[in-house]
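Letters go in sequence order (proteins before strands), and every chain restarts at 1.
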Amino acid sequence: MTARVVFQKASRWYGPVMALNDVSFELGPGVYGLLGPNGAGKSSLLKLASGQLRPSQGKVELLGRPAFGSPDVFHSVGLCADTDAFFEDFTGLQFVSALLSLNGFDKAQAHKLAIEAIEIVDLKEAMHRKIGGYSKGMRQRIKLAQSIAHRPEVLFLDEPLTGMDPQNRKRISDLLKRLGDEGRTVLVSTHILHELEQVTRRVLLIHNGRVLAEGDLGEIRDLLDRHPRSVRIKAADPRGLARELVLLPDLVSLNLEDATGHLLAEIKKPDAFFTKVQELSAKHGVLEMWVTDENLESVFSYLVSK
Amino acid sequence: MSSSQIYEQHYRRLDASIPLRNQRWIPIAREGLKALVSFRAYLALIAIASLPLLVRLVQVYFTTRFPETRRIVPVDDKFFFDFLSQQMPWMLLMSAYAGAGLIANDMRTGGLLLYLSRPLTLGDYILGKVSIVFASLSMVTLVPGLVLFFGARSLAPDVLGDVSHLLLIPKIVAYALVMILPATGLVLVMSALARNARFAGLGFFFVFVGSTVAAAIAWRATRSSYAGLISVQATLRRAGEAIFGVKPSRMTAELPPEAAFVVLAILVIGCLFVLKTRVRAVEIVK
């Protein structure tokens, strides 16, 4: 993997407040999610990654150069910041063109690239209207347009789907996936987990300035074996099955759901548990079994509650 | 991050046409001025601030038609010094109009991040903003001053046609710079500190008016000739008097001109320092 974004034991504090603590990871091509509740340190991490902040300790590299103090790197970096009140008197087209001119593009190039980017985010009809009259979703899209207009290799997106209607949410999610497939590195920050599930399964979970887990969701779950995993079992004889499962040493809890007749188990060592259920499946008529917390929401809940 | 690679595509980068380091501030200045020019109030302010220029040119014209009036309104160094000094209120208005929101709006809305996520340094950003105010203030001081000189020279070649009178050009430029630079620095500092264009504008006026009031109080208390240095206005005027070599007014008579220049230089450097630290602080704390 060609690492484009490298954090090496990076820490950042504001006076006595630790915003990020000893964070290490590398990002190559593809889409990555940056997940964490408000105040977790997502914005600080994005600012460090995008060179807006100098790490108090450690190293942050962007495209092989220190992220802070290397303005040339930003020819190849796009940032969609978490702000939506700016350049109110500019039209959408003027806004994107003006920011492209800061990249050094001449007027004709900037105009052409701006229109291309605005078309991608489906704002062409509104591009001659002033941003002051844009809705929240339109502002999000014009911000996204400015961040992708110069075709950056690395994209940092802070809550890019906030305020968008489902149709545009889908459109932008597809766009982010496409950008990742094209070989760009896209880091998407959000605290809404289901947004991210539509885009990627590769995540960084951050809380209280620390990266709690990183990697694919499956890899994250492997890291979490010491935490209970929820499993739902549909069986012909749930009570008989329950009587045998309660004897397992790594079972944390077991409930019989009245409404569905399903067994809900919380387990610590899933492999051993699954093997045991397999053994008992014929005896108690196990029909279905599925892990209910494989999605980001439950992983996130687990991690931040510990 | 441990993850499987999708695939790596040879990425086609778009190369910018002006990546030169010393030109990065130009787009900021250009876009800022373009935005200002789109406001009628800005153009109206420049037009109104040009009226004294017309009055002065008419005065010069009269001196050519009626030479006896030259004793009442001599077209000399003091004529140009007075003209530029009288442009000071326009300069203050223009500073507040053009400069008060330049950094405040970016800081309030997070627009600063948009700039600094481009291939720009903080210095480029500040230089770009300084250029916008500098250009705007030049339109009400430096440009009218030079237009007045060349206009008067063409209207009254017998009065200003001598080669020695060309020395007025560097004097006009120098006094205009002495006026523009501190005003630019101060209004941008206010803009960076206030985060609100209106408060920044009010703060800027307060510094100018307040410093003059403070100087008067200090003078009454101490009777020291250096008390005038507290007043930005008096200090600017004293520097201008020294540049043009005109007799100091009663307000500035006791002020040493060297001290005035030193104070103004410290003011400009101080403003740059505050800008650099303040704008960086906003990068850190959102």
task = Using side-chain contact (heavy atoms from CB on, under 4.5 Å) as the criterion, point out the one residue from L122(B), T121(B), L116(B) that pairs with P71(A).
result = T121(B)
query = Can you tell me how far the OG atom of S101(A) sits from the CD atom of E31(B), to the nearest 0.5 Å?
reply = 4.5 Å
inquiry  = Let me confirm one number: the CG-CD distance from N105(B) to E88(A), rounded to the nearest 0.5 Å.
reply    = 9.5 Å
task = Pick one of side chain, backbone, both or neither for Q94(A), based on which atoms fall under 4.5 Å of a heavy atom in chain B.
result = neither
task = Kindly write out the residues that satisfy side-chain hydrogen bond (donor to acceptor under 3.5 Å, both in side chains) with S85(B), not counting sequence neighbours, or none if the list is empty.
result = Y175(B)
inquiry  = Using the side-chain contact (heavy atoms from CB on, under 4.5 Å) definition, which of the options V77(A), L79(A), N103(A) pairs with R118(B)?
reply    = N103(A)
ask   = With K9(A), which residues qualify under salt bridge (Lys or Arg N to Asp or Glu O under 4.0 Å), at least two apart?
value = none
query = Are there more than 12 heavy atoms of other residues, nucleotides or ligands under 6.0 Å from atom CZ of F205(B)?
reply = yes
ask   = Roughly how far apart are F156(A) CZ and L113(B) CG, rounded to 0.5 Å?
value = 12.5 Å
key: P27(B) to L102(A) - nearest heavy-atom pair and separation   = CB-CD2, 3.6 Å
query = At their closest point, which heavy atom of P119(B) faces which heavy atom of F74(A), and how far apart are they?
reply = N-CB, 3.7 Å
